[in-house]
Amino acid sequence: MTNIHLHRDNEASKIGMWLFIFTELLLFGGLFIVYSVYRYLNPEAFHLAAEELDRNIGLINTIILLVSSTTIAMSVSAIQMGKILHSKILVSITILLAAVFMVNKYFEWGAKIEHQLYPGSQYLMELSQGEILFFGLYFAMTGLHALHIIVGMILMLVVLARINNGKLNAGNHVLVENSGLYWHLVDIIWIFLFPLFYLIT
Amino acid sequence: MSNEVKHIIPYGTYLLILAILIVLTLLSVAITSIELREYTILGALAFAAIKTFLVLYIFMHLKYEQPMYRRMAFFVIILVFVVLAITFIDYIYR
């Protein structure tokens, strides 16, 4: 079955998603460069500020995203094999894991805000320049990452709905692959966020 | 363009890679307990790089795609490093 009869080009879809992923790599890459420079200029302040972060939550969130990456990857194989029930279960697990990640993030940020550690707070503004920069970067980068998690969750809900109504199946599954690619990108970003914010104490 | 899937990765492969990724994560945490000071972060980043490579190659299928995809991904990563290097050349010599 070729695409002559379909208004769909799987290869082009995939290339499109990869190009988007490259723009995202440049976006977060740029932010990592900002982090690198400010860290280079304020090494002790960064070490000190990083003590405030809870490494255990960071580790749990890292493992959550790694598992979720596995389940979305497996769901792609599942739908390629025509295993519709497997693919639905695996996509659902991925979405649930993403939700747990967001709940953890809520508690983490909540704790910071409760301790007056948020961009623009009176308390933060009176700390050293390096500490102010660290927390600015922390909220900006994990916040932007969290936005990407939300977008990913919405995308996967759409995928789940379409597997459910048959629009996505063994013969037409490029959206599942592409949502998987997007989710792996979100995972990769966190793979770098974790050591740079949580492991520099 | 053909609709056939050339290579379906079995569940087991993904689970094996997950196990490796978790081990590497735990190792990157463990390495911070060794007193290497400035080089500790390089160790943690090295683990992050290996993990990223595994996610790119297996989870994101780069190993099984046409070379074009690997070359493009490689180019973008190199680009980020080049911009990083140029930025630091500026700061180091201020």
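Computation of the quantities below employed the complete heavy-atom set of this structure, encompassing side-chain atoms and omitting hydrogens, waters and symmetry-equivalent molecules. Lettering follows sequence order; numbering is per chain, from 1. What you see is a predicted model; the values in this text were computed from it and never measured.
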What pair of heavy atoms forms the shortest contact from [X] to [Y], and how long is it?
{"X": "A/Leu199", "Y": "B/Thr32", "value": "O-CG2, 3.5 Å"}
{"X": "B/Ala48", "Y": "A/Phe192", "value": "CB-CE2, 3.8 Å"}
{"X": "B/Tyr69", "Y": "A/Glu11", "value": "OH-OE2, 2.7 Å"}

Exercise. Give a yes or no on this: more than 12 heavy atoms of other residues, nucleotides or ligands lie within 6.0 Å of atom OH of B/Tyr64.
Key: yes

Quiz item: Would one find more than 12 heavy atoms of other residues, nucleotides or ligands at under 6.0 Å from atom CZ of A/Phe107?
Solution: no

At what distance, to the nearest 0.5 angstrom, does [atom1] of [X] lie from [atom2] of [Y]?
{"X": "B/Ile50", "Y": "A/Ile191", "atom1": "CD1", "atom2": "CD1", "value": "11.5 Å"}
{"X": "B/Met72", "Y": "A/Trp18", "atom1": "CE", "atom2": "CH2", "value": "8.5 Å"}
{"X": "B/Lys51", "Y": "A/Thr62", "atom1": "NZ", "atom2": "OG1", "value": "6.0 Å"}
{"X": "A/Ile79", "Y": "B/Ile8", "atom1": "CD1", "atom2": "CD1", "value": "11.0 Å"}
{"X": "A/Ile188", "Y": "B/Phe59", "atom1": "CD1", "atom2": "CZ", "value": "10.5 Å"}

Does some side-chain heavy atom of [Y] sit less than 4.5 Å from a side-chain heavy atom of [X]?
{"X": "B/Tyr11", "Y": "A/Lys83", "answer": "yes"}
{"X": "B/Val55", "Y": "A/Leu185", "answer": "no"}
{"X": "A/Ser36", "Y": "B/Phe88", "answer": "yes"}
{"X": "A/Gln80", "Y": "B/Ile9", "answer": "no"}

Quiz item: Of the backbone (N, CA, C, O) and the side chain (C-beta and beyond), which part of A/Tyr198 lies under 4.5 Å from a heavy atom of chain B, both, or neither?
Solution: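 Neither the backbone nor the side chain of A/Tyr198 comes within 4.5 Å of chain B.
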
Practice problem: Counting only heavy atoms closer than 4.5 Å, note whether A/Leu66 contacts chain B via side chain, backbone, both or neither. | Solution: both

Between [options], who has the most heavy-atom pairs with chain B when the cutoff is under 4.5 Å?
{"options": "A/Val174, A/Ile15, A/Leu59", "value": "A/Ile15"}
{"options": "A/Gly58, A/Gly30, A/Ala78", "value": "A/Ala78"}
{"options": "A/Arg55, A/His184, A/Met81", "value": "A/His184"}

Quiz item: What residue pairs, at least two apart or across chains, pass salt bridge (charged side-chain N to carboxylate O under 4.0 Å, His left out) with a residue in residues 64-88 of chain B?
Solution: A/Lys14-B/Glu65

Quiz item: If you count heavy-atom pairs under 4.5 Å with chain A, which of B/Thr13, B/Leu26, B/Thr25 comes out on top?
Solution: B/Thr25

Self-check item: Heavy-atom pairs under 4.5 Å with chain A, option from B/Leu21, B/Val76, B/Ile31, B/Val80 with the top count
Solution: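 If we count pairs closer than 4.5 Å to chain A, B/Val76 comes out on top.
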
Self-check item: Under 3.5 Å donor-acceptor, A/Thr70 side chain and B/Leu18 backbone
Solution: no

Quiz prompt | Any residue of residues 37-44 of chain A which, by heavy atoms, sits under 4.5 Å from chain B | solution =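 Counting heavy atoms that sit under 4.5 Å from chain B, the residues of residues 37-44 of chain A involved are A/Val37, A/Arg39, A/Tyr40, A/Leu41.
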
Quiz item: Where does B/Thr87 contact chain A at under 4.5 Å (heavy atoms): side chain, backbone, both or neither?
Solution: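 Side chain only.
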
Self-check item: B/Leu62, part contacting chain A, at a heavy-atom distance under 4.5 Å
Solution: side chain

Self-check item: From CA spacing to verdict: side-chain contact (heavy atoms from CB on, under 4.5 Å), A/Met74, B/Leu15
Solution: CA-CA 9 Å; A/Met74 284 163 68; B/Leu15 291 167; 4.1 Å; yes

Practice problem: Would you please test A/Leu181 and B/His61 for side-chain contact (heavy atoms from CB on, under 4.5 Å) and show each step? | Solution: CA-CA 9 Å; A/Leu181 286 176; B/His61 248 255; 5.8 Å; no

